[in-house]
Amino acid sequence: QVQLVESGGGLVQPGGSLRLSCAASGFTLDYYDIGWFRQAPGKEREGVSCVSSRDGSTYYADSVKGRFTISRDNAKNTVYLQMNSLKPEDTAVYYCATGGFKCSPTIAPPPRKDDYWGQGTQVTVSS
């Protein structure tokens, strides 16, 4: 069964850090471009970061550049999102996704609904 499972979310104070994990099962993650997306209440889902399977290129939304780092561990079939210097505006449900998605500087378009999406993990940045 193909599955993506995110973990690592939680409540953190502004300026804090979290590391999200996206573990894949049922398929080999290193053959696919992977993206992290987030959706805050009342807002559209937006691309946060992605990593290319072809050459390992990484891209970030302007709002997270310099603070977030995406990485992949093919041996563990897992992709990570290290989030530092968190801000209240980073509060959202974070999803990893892949399938037909192609990583690009715009981190768009996102994977289709029938591609592979995780269930999401809540990140709350608040004092």
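Because the structure is predicted, anything quoted here is derived from the model rather than measured.
Put simply, CD1 on Ile70 and SG on Cys22 are 9.0 Å apart, with the number rounded to the nearest 0.5 Å. Considering NZ of Lys102 and CG of Asp33, their distance stands at 5.5 Å, rounded to 0.5 Å. Residue Ser127 holds its OG atom at 7.0 Å from CD of Gln13, rounded to the nearest 0.5 Å. To the nearest 0.5 Å, the span separating OG on Ser17 from CD on Gln82 amounts to 5.5 Å. Separating the CE atom in Met83 from the OH atom in Tyr94 is a distance of 5.5 Å, to the nearest 0.5 Å. Here the straight-line distance linking atom CG of Asn84 with atom CZ of Arg19 works out to 11.5 Å at 0.5 Å rounding.
Residues Thr98 and Asp115 come closest through the heavy atom pair O-CB, 3.2 Å. Between Leu81 and Ser49, the shortest heavy-atom contact is CD1-CB, 4.1 Å. Annotation for Gly26 and Val2: closest pair O-CG2, 3.9 Å, computed over non-hydrogen atoms. Residues Val64 and Arg38 come closest through the heavy atom pair CG1-NH1, 3.9 Å. Of all the heavy atoms in Ala61 and Gly47, the pair that sits closest is CB-O, 3.5 Å. Nearest approach of Cys103 to Ser57, heavy atoms of both residues: SG-O, 4.3 Å.
Leu29 is not listed as a side-chain neighbour of Asn74, based on a closest heavy-atom distance of 4.5 Å or more. Side-chain contact check for Glu89 versus Thr91: every heavy-atom pair is 4.5 Å or farther apart. The side-chain heavy atoms of Phe37 and Pro110, taken from C-beta on, include a pair separated by under 4.5 Å. Side-chain contact check for Thr78 versus Arg72: every heavy-atom pair is 4.5 Å or farther apart. Counting heavy atoms from C-beta on, the side chains of Ser52 and Thr58 never come closer than 4.5 Å. Within the 4.5 Å cutoff, side-chain heavy atoms of Leu86 are placed close to those of Phe68. A 4.5 Å side-chain heavy-atom check between Pro88 and Ser126 finds every atom pair outside the cut-off.
Residue Ile34 is grouped with residue Tyr60 when hydrophobic side chains (ILVMFWY) are merged at heavy-atom distances under 4.5 angstrom, including chains of intermediate members. Tyr95 and Val51 fall into different hydrophobic clusters, where Ile, Leu, Val, Met, Phe, Trp and Tyr are joined by side-chain heavy atoms under 4.5 Å apart, directly or via other members. Under the 4.5 Å side-chain heavy-atom criterion for grouping Ile, Leu, Val, Met, Phe, Trp and Tyr, Leu20 is connected to Tyr116 within one hydrophobic cluster. No single ILVMFWY cluster, assembled from side-chain heavy atoms under 4.5 Å apart, contains both Trp117 and Tyr80.
Using modelled atom types and a 3.5 Å distance limit, the side chains of Thr28 and Asp30 yield no donor-acceptor pair. Under 3.5 Å, the side chains of Thr106 and Ser104 contain a donor-acceptor pair of N or O atoms. Between the side chains of Gln122 and Thr124, at least one donor N or O sits under 3.5 Å from an acceptor N or O.
Remark: Arg67 engages Asp90 in a salt bridge, criterion side-chain N to carboxylate O under 4.0 Å.
Side-chain rings of Phe101 and Tyr32 stay apart, their centers remaining 6.0 Å or farther from each other.
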Does the side chain to side chain contact (heavy atoms under 4.5 Å, CB included) test come out yes or no for Val79 and Trp36, once each step is laid out?
-> CA-CA 9 Å; Val79 172; Trp36 281 98; 3.6 Å; yes
Check step by step if side chain to side chain contact (heavy atoms under 4.5 Å, CB included) holds for Thr121 and Val93.
-> CA-CA 5 Å; Thr121 185; Val93 178; over 6 Å; no
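A side-chain donor-acceptor contact under 3.5 Å links Glu6 to the backbone of Gln119.
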